[in-house]
Every structure is written in C-alpha cells, then in structure tokens.
Trainee: 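Below you'll find the structure I mean.
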Amino acid sequence: MKSINILILTIFILVMAGCNSQNNKLTKQDCLNENKNYKIEKQLNYRTGKYEDRVICI
C-alpha cells in the first residue's frame, strides 16, 4: 500500500513539473532569432475566461 502511494505521488509531481508556464512565453523575437517563422493564435486562458495571443514557432 505504501509503494502505491509513493507511485501516485511521483506521477503527480512529474505531471505538475511538466505544466511549466514558461514554455508558453515565446515571443516573435525568439522565433526570429532561431531563424524560424512564427504564427500568432488566440488561446483561451481558463483562469480568466479571456482569449490571449500565443506565439508559435514554425
């Protein structure tokens, strides 16, 4: 029983570590510095309920 709790806790920590908000903080300049094109999309922010611009490098 103790090993199951440790396994569940480990999986939870790994999932939360993967949800880093810094991954979504790309700018147009970051894409241009990498010699890539960029695309701006509207993305729903679930906390505020408003749409925000998001930069995606292509």
Side-chain angles (χ1 to χ4, degrees):
M1 186 68 161
K2 188 175 184 180
S3 63
I4 292 174
N5 289 339
I6 293 173
L7 179 65
I8 291 172
L9 181 63
T10 304
I11 291 171
F12 179 74
I13 290 172
L14 290 174
V15 167
M16 293 308 291
C19 296
N20 188 356
S21 64
Q22 294 297 327
N23 293 339
N24 295 332
K25 299 295 180 184
L26 287 175
T27 62
K28 292 185 277 188
Q29 192 62 38
D30 292 335
C31 294
L32 294 175
N33 289 342
E34 296 176 8
N35 293 327
K36 295 182 178 179
N37 293 330
Y38 63 91
K39 178 179 173 183
I40 299 176
E41 289 186 349
K42 297 277 186 188
Q43 182 179 19
L44 179 63
N45 184 340
Y46 294 114
R47 290 185 218 160
T48 62
K50 298 179 181 176
Y51 284 93
E52 300 175 349
D53 292 335
R54 177 178 165 207
V55 176
I56 300 173
C57 293
I58 302 173

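Values reported hereafter were calculated over all heavy atoms of this structure, with side chains retained and with hydrogens, waters and symmetry mates removed.
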Trainee: For the CD atom of Gln29 and the CD atom of Glu34, what is their distance to the nearest 0.5 Å?
Mentor: 11.0 Å

Trainee: Report yes if the side chains of Val55 and Lys28 come closer than 4.5 Å at any heavy-atom pair, otherwise no.
Mentor: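 Yes. Closest side-chain heavy atoms under 4.5 Å.
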
Trainee: Got a second to check how far Asp53's CG is from Lys42's NZ, nearest 0.5 Å?
Mentor: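 So the gap between those two atoms works out to 4.0 Å.
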
Trainee: Is it true that, when you exclude Asn33 itself, more than 12 heavy atoms of the residues, nucleotides or ligands shown sit nearer than 6.0 Å to its CG?
Mentor: yes

Trainee: Given the rule that I, L, V, M, F, W and Y join up when any side-chain heavy atoms are under 4.5 Å apart, are Leu44 and Ile40 in one cluster?
Mentor: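 Result: no, two separate clusters.
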
Trainee: Please report the shortest heavy-atom distance between Lys36 and Ile58, naming the atom on each side.
Mentor: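 Minimum heavy-atom separation between Lys36 and Ile58: CB-O, 3.5 Å.
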
Trainee: Rounded to the nearest 0.5 Å, how far does CD1 of Ile8 lie from CD1 of Ile4?
Mentor: 7.0 Å

Trainee: Can you tell me how far CZ of Arg54 sits from NZ of Lys39, rounded to the nearest 0.5 angstrom?
Mentor: 10.0 Å

Trainee: From Thr10 OG1 over to Asn5 CG, what is the distance, rounded to the nearest 0.5 angstrom?
Mentor: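 Thr10 OG1 to Asn5 CG: 10.5 Å, rounded to 0.5 Å.
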
Trainee: Looking at Thr27, is its backbone amide N or carbonyl O close enough to the side chain of Asp30 to form a donor-acceptor pair, meaning the two atoms are under 3.5 Å apart?
Mentor: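 Side chain of Asp30 to backbone of Thr27, a donor-acceptor pair under 3.5 Å: yes, one is there.
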
